[in-house]
Amino acid sequence: MAKNDDNLLKKIVSHAKEYGFVFPSSEIYDGLSATYDYGQNGVELKNNIKQYWWKAMVQLNENIVGLDAAIFMHPTTWKASGHVDAFNDPLIDNKDSKKRYRADVLVEDYLAKIETKITKEVGKAAKRFGEAFNKNEFMRTNARVLGYKEKIAAIEKRMQSAIENQNFDDFKALIEELEIACPVSGSKNWTEVRQFNLMFSTELGSVAGDASTIYLRPETAQGIFVNYLNVQKTGRMKLPFGIAQIGKAFRNEIIARQFIFRMREFEQMEMQFFVKPGEELNWYKAWKKQRMQWHKALGLGNAKYRFHDHLNLAHYANAAADIEFDFPMGFKELEGIHSRTDFDLSAHEKYSGKKLQFFDPQENKNYTPYVVETSIGLDRMFLAVLAASYTEETLEDGSERVVLSLPPALAPTKVAVLPLTKKDGLPDKARAIINELKFDFTTQYDEKDAIGKRYRRQDAIGTPYCVTIDHQTLEDNTVTIRNRDTMAQERVPINKVRETLEKNTSLTDILRKINTP
RNA sequence: GCGGGAGUAGCUCAGCUGGUAGAGCGACAGCCUUCCAAGCUGUAGGUCGCGAGUUCGAACCUCGUCUCCCGCUCCA
C-alpha cells in the first residue's frame with residue numbers, strides 16, 4: 001500500500017507539472033531545493049482555495065476582519081515571539097544510529113531522569129515516615145535530594161550559557177561528561193553540536209555596515225498580534241473578534257521535502273481570534289468544530305480528515321490540535337488550532353512597552369485578551385485538494401481517463417466551450433458564448449482534435465463543464481452541457497448555461513453548509 | 001545534514017562490453033467531420049542535470065557539483 005501511495009504522489013507530481021499546476025522553481029537552472037512555482041492552472045486553483053477561506057472567515061463573520069501585514073517586521077518582534085530562541089535549535093547526530101536529536105532535548109531528558117530519582121526518594125521517604133511526612137521539609141533538607149537539585153541547576157546553567165554564547169564545543173562536552181547515550185543505539189558516539197537557524201535573515205538598509213539584520217517572517221501570526229490594537233481601535237472591534245490573514249512565511253527547514261508539503265517558502269492562512277480570558281477553551285472547541293466543517297464541506301471525503309490532539313504543548317499554548325489529512329504519504333498535519341493564551345500579546349506588551357489591552361465595559365476593566373488561532377498551510381491544502389481529486393478511471397469501453405474531480409467551485413476553468421467542428425460557423429457561435437460568460441467565469445475555447453480528446457483534456461485539468469456547439473445549435477439555440485464526473489450530457493437552451501454554472505460552480509452552496517450556527 | 005536510490009523530448013521510459021540519440025503518449029499546422037483520447041499528411045522539440053577528468057572517441061567509465069525520491073528529523 002505504501003508503495004502504491006508513493007507512486008500516487010509521483011503521478012500527482014507529474015500530472016501537476018504536465019498540466020500547468022506546479023513547476024519546480026527555476027527549473028532551467030536545475031531548480032532550487034524544495035521551491036515550487038504555481039503554473040497557469042495552479043494559480044487559479046490556489047486563488048480559489050484562498051477565496052473559499054477568506055469568504056468563510058471575513059465575509060461570513062461580522063466580527064472577523066482581514067489584514068495584510070508586511071513580511072519584514074521589526075527584529076524585536078521575533079525576540080518577543082520566542083522565535084529567536086526557539087528557532088535556533090542546536091542539533092547533534094549519533095554516528096552509529098544515524099539519528100538526529102536536538103541537543104537541548106537530550107540534556108533535558110537527562111534532567112528528567114534526575115527528577116524521577118527525586119520523586120522516588122520522596123516516595124520512599126513518605127513510606128518510611130508515614131503520616132508525619134512533610135514533603136516540603138524533606139525536599140528542603142534531604143541531602144540526596146539537595147544533591148540532585150544542585151546537579152540539575154548546574155547542568156541547566158551550563159546549557160543555558162552554552163546556548164547563549166553559542167559555545168557548541170562545551171555543549172558537546174556537557175553531553176559527553178553526562179555520558180548521555182543515544183536512546184536507539186545506546187552509543188555515545190556523537191557528532192559536533194551544530195546550529196540550525198530556521199529563520200531566514202537579510203539586511204535592511206543598502207549601505208553595508210549601517211544595515212541591521214532583519215528576518216523574513218517565519219509565521220504570519222505576529223503581523224496580526226502587533227496590529228491588534230490598530231485593528232481593534234479603528235474597526236471599533238469588541239471581544240470576541242478575529243483578524244484573518246493570508247500570506248507567505250519562510251522557514252529554513254533542515255530538510256524540506258514531499259513536493260509542496262514542506263517548502264522553505266510557504267503560504268499560510270491564519271486567523272487569530274481574540275477572546276476574554278477564561279473563555280478561550282470554549283472558543284478553542286468551537287473553532288475546532290468550525291474548521292473541520294469548513295474542510296468537510298468541500299466534499300473530498302469525510303474519512304480523509306481526523307483530529308490529532310497535542311499532548312506535548314508548545315510553550316505558548318494551553319490546548320492544541322491538528323486537523324490531519326490523508327495525503328498520499330499518510331495522515332499529515334493540514335491545519336493547526338491552538339489556544340495561545342495571552343502569550344503573544346503579553347510578550348509584545350513587555351518588549352514594546354505598549355499596552356495591548358481591551359477595555360471591557362461590562363466589567364469596567366482592562367485586560368489582555370487570550371487568543372485562539374487557526375492556521376492552515378495553503379500549499380498543503382492545495383496538495384490535499386489535488387491528491388483527493390486525482391482519479392484514474394477505467395471506462396465501460398475499457399479505455400482509461402485521468403480526471404481531476406475538483407470541487408467545481410475550486411476548478412481553475414469553470415467551463416470549456418467547444419465547437420463540434422471547425423466549420424459551418426460553429427466556432428463563431430462558440431466564441432460568442434464565451435464572450436458572454438467570460439465576465440463571470442473562467443473559460444476555455446478549444447477546437448483542435450476530436451471532441452472526445454478535448455473532453456479528456458478538460459478532465460485532466462478538472463473543468464467541471466463542457467459546452468458543445470453542434471449543428472442543431474445553429475437551428476434552435478440549444479447546446480449540450482457535459483458533466484465532468486458523470487460524462488452525461490444534457491441539451492439546454494443557451495441562456496440556461498449561465499444558470500447551470502452559477503448554481504454549480506460557485507462557492508455559495510459550500511459556504512452555506514458551514515454557516516449553519 | 002546523514003544513509004540509500006535516481007536524473008535521457010512536455011509526460012512515461014528504451015539506449016548492449018564506451019563509436020557523437022530513439023519509442024509510445026503528448027504538442028503544433030493542415031486534411032477529414034464522426035459527441036468521449038485510437039483516421040491521414042506534415043512539423044517542432046534533447047549540447048543525455050551541470051562541470052571537469054580518462055580516452056582517438058563519453059548518455060555509458062572516474063571525480064566533483066546541483067536537483068529529485070525514500071528513511072531519520074521538523075512542522076503549516
Side-chain angles (χ1 to χ4, degrees), chain A residues 2-3 6-7 9-11 13-20 23-36 87 89 91-102 105 184 191-192 194 196 198 218-221 248-263 266-270 314 322-323 325 329 332-338 373-381 383 395-403 418-424 426 448-460 466 468-472 480 482 484 487-489 491:
Chain A
K3 205 168 189 187
D6 285 353
N7 289 339
L9 183 60
K10 277 184 186 166
K11 281 179 182 173
V13 174
S14 296
H15 193 88
K17 186 185 172 195
E18 189 170 2
Y19 290 95
F23 307 125
S25 172
S26 7
E27 197 186 8
I28 61 169
Y29 294 108
D30 284 333
L32 183 65
S33 181
T35 314
Y36 291 89
F87 268 37
D89 296 341
L91 298 177
I92 190 165
D93 290 4
N94 184 274
K95 288 179 186 169
D96 296 311
S97 64
K98 308 288 183 200
K99 298 274 181 190
R100 163 164 297 168
Y101 301 92
R102 274 177 56 177
V105 171
V184 174
T191 63
E192 299 302 311
R194 281 163 302 179
F196 289 88
L198 291 185
E219 64 174 23
T220 53
K248 293 239 170 152
F250 305 82
R251 288 186 197 172
N252 200 359
E253 299 283 350
I254 304 156
I255 190 67
R257 249 192 245 141
Q258 282 166 324
F259 194 37
I260 55 174
F261 185 80
R262 179 167 299 112
M263 297 192 288
F266 59 101
E267 204 156 356
Q268 292 182 310
M269 303 192 287
E270 288 197 326
D322 297 336
I323 292 175
F325 184 81
M329 55 282 187
K332 300 268 187 182
E333 179 178 0
L334 174 61
E335 171 157 7
I337 296 130
H338 304 131
E373 160 189 272
T374 75
S375 174
I376 172 169
L378 175 54
D379 310 278
R380 289 184 176 186
M381 186 65 196
L383 181 58
L395 303 177
E396 282 178 17
D397 64 359
S399 65
E400 293 195 352
R401 71 161 183 162
V402 174
V403 51
L418 317 169
L420 188 59
T421 76
K422 267 186 267 188
K423 286 185 171 173
D424 309 324
L426 297 185
K448 176 70 183 163
D449 294 315
I451 190 73
K453 200 174 219 173
R454 283 179 269 165
Y455 287 150
R456 299 299 168 86
R457 274 201 281 261
Q458 295 301 327
D459 290 341
C466 290
T468 307
I469 282 64
D470 56 17
H471 290 93
Q472 192 182 331
T480 59
R482 180 237 189 212
R484 175 195 67 199
M487 296 169 71
Q489 284 179 282
R491 183 164 282 278

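Fair warning: this is a prediction, and the values are worked out from it, not measured in the lab. Residue numbers start from 1 in every chain, and the chains themselves are labelled A, B, ... in the order their sequence lines are given, proteins ahead of strands.
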Pairing partner of B:rA44 (Watson-Crick or G-U wobble, both distances under 3.5 Å): none
Under 3.5 Å, is there an N or O donor on one side and an acceptor on the other linking the side chain of A:R482 and the base of B:rC36? yes
Roughly how many Å apart are B:rA58 and B:rG1, using the P atom of each and rounding to a whole number? 32 Å
Does A:K17 make a side-chain N or O approach to OP1 or OP2 of B:rC11 shorter than 4.0 Å? yes
Using a cut-off of 4.0 Å on non-hydrogen atoms, how would the nucleic acid contact of A:A34 be classed: base, sugar-phosphate, or nothing? sugar-phosphate
Can you give me the closest heavy-atom contact between A:E270 and A:S375, atom names plus distance? OE2-OG, 2.9 Å
Both distances under 3.5 Å, Watson-Crick or G-U wobble: report the partner of B:rC31, or none. B:rG39
Does any N or O in the side chain of A:H15 come within less than 3.5 Å of the main-chain N or O of A:A460, such that one atom is a donor and the other an acceptor? yes
Nearest-Å distance once atom C1' is located in both B:rA37 and B:rA52: 46 Å
Least distance between heavy atoms, A:I260 atom then A:D379 atom: CD1-O, 3.4 Å
Using a cut-off of strictly less than 4.0 Å, decide whether A:R456 has a side-chain nitrogen or oxygen near OP1 or OP2 of B:rG26. no
Quick one, A:Y36 with A:F259, criterion ring-ring contact (aromatic ring centres under 6.0 Å, His included). Give me CA distance, side-chain angles, the key distance, then yes/no. CA-CA 8 Å; A:Y36 291 89; A:F259 194 37; 5.1 Å; yes
Mind checking who B:rG51 pairs with, Watson-Crick or G-U wobble, both distances under 3.5 Å? B:rC63
Find the distance A:K453:NZ to B:rG39:C1' and express it as a whole number of Å. 11 Å
Which of B:rA76, B:rA37, B:rC35 is nearest the side chain of A:R380? It is B:rA76
Pairing partner of B:rC56 (Watson-Crick or G-U wobble, both distances under 3.5 Å): B:rG19
What distance, rounded to whole Å, do you find between the two C1' atoms, one in B:rU47 and one in B:rA9? 14 Å
Looking across every strand, which nucleic acid part, if any, lies under 4.0 Å from A:F325 by heavy atom: base, sugar-phosphate, or nothing? nothing
With respect to the phosphate group of B:rC32, does any side-chain polar atom (N or O) of A:K423 fall under 4.0 Å of OP1 or OP2? yes
In this structure, how many angstroms lie between the P atom of B:rC28 and the NZ atom of A:K448, rounded? 7 Å
So for A:R262 and B:rC74, does any side-chain atom that can act as donor or acceptor lie under 3.5 Å from a complementary atom in the base? yes
From CG of A:L426 over to P of B:rU34, roughly how many Å is that when rounded to an integer? 11 Å
Quick check, does A:Y455 stack with B:rA37? I mean ring centres under 5.5 Å and planes off by under 30°. no
Return whichever of A:K332 or A:D470 has its heavy-atom-nearest nucleotide of RNA chain B closer to the 5' end. A:D470
Distance in angstrom units between A:I260 CD1 and B:rA76 C1', rounded: 12 Å
Watson-Crick or G-U wobble partner for B:rG1, using a 3.5 Å limit on both distances? B:rC72
So, does A:T421 get its side chain near the phosphate of B:rU34, meaning an N or O under 4.0 Å from OP1 or OP2? no
Pairwise P distance for B:rG49 and B:rU8, with rounding to whole Å: 6 Å
Salt bridge flag under 4.0 Å for residues A:R484 and A:D459: no
Please report, rounded to the nearest Å, how far the P atom of B:rA76 is from the CZ atom of A:F266. 8 Å
A:K11 vs B:rC11: side-chain N/O to OP1/OP2 distance below 4.0 Å: no
Looking at CG of A:L383 and CE of A:M329, how far apart are the two atoms once the value is rounded to the nearest 0.5 Å? 5.5 Å
Send over the distance from A:E18 CD to B:rA9 P, rounded to a whole Å. 13 Å
Can the positive tip of A:R482 be found less than 6.0 Å from the middle of the six-membered ring of A:Y455, inside 45° of the ring normal? yes
Want to settle it: does A:E27 or A:R401 sit nearer the 5' end of RNA chain B, counting the closest nucleotide to each? A:E27
From CD of A:Q258 over to P of B:rC74, roughly how many Å is that when rounded to an integer? 14 Å
Just the rounded figure in Å: distance from C1' of B:rC32 to CG of A:D424. 13 Å
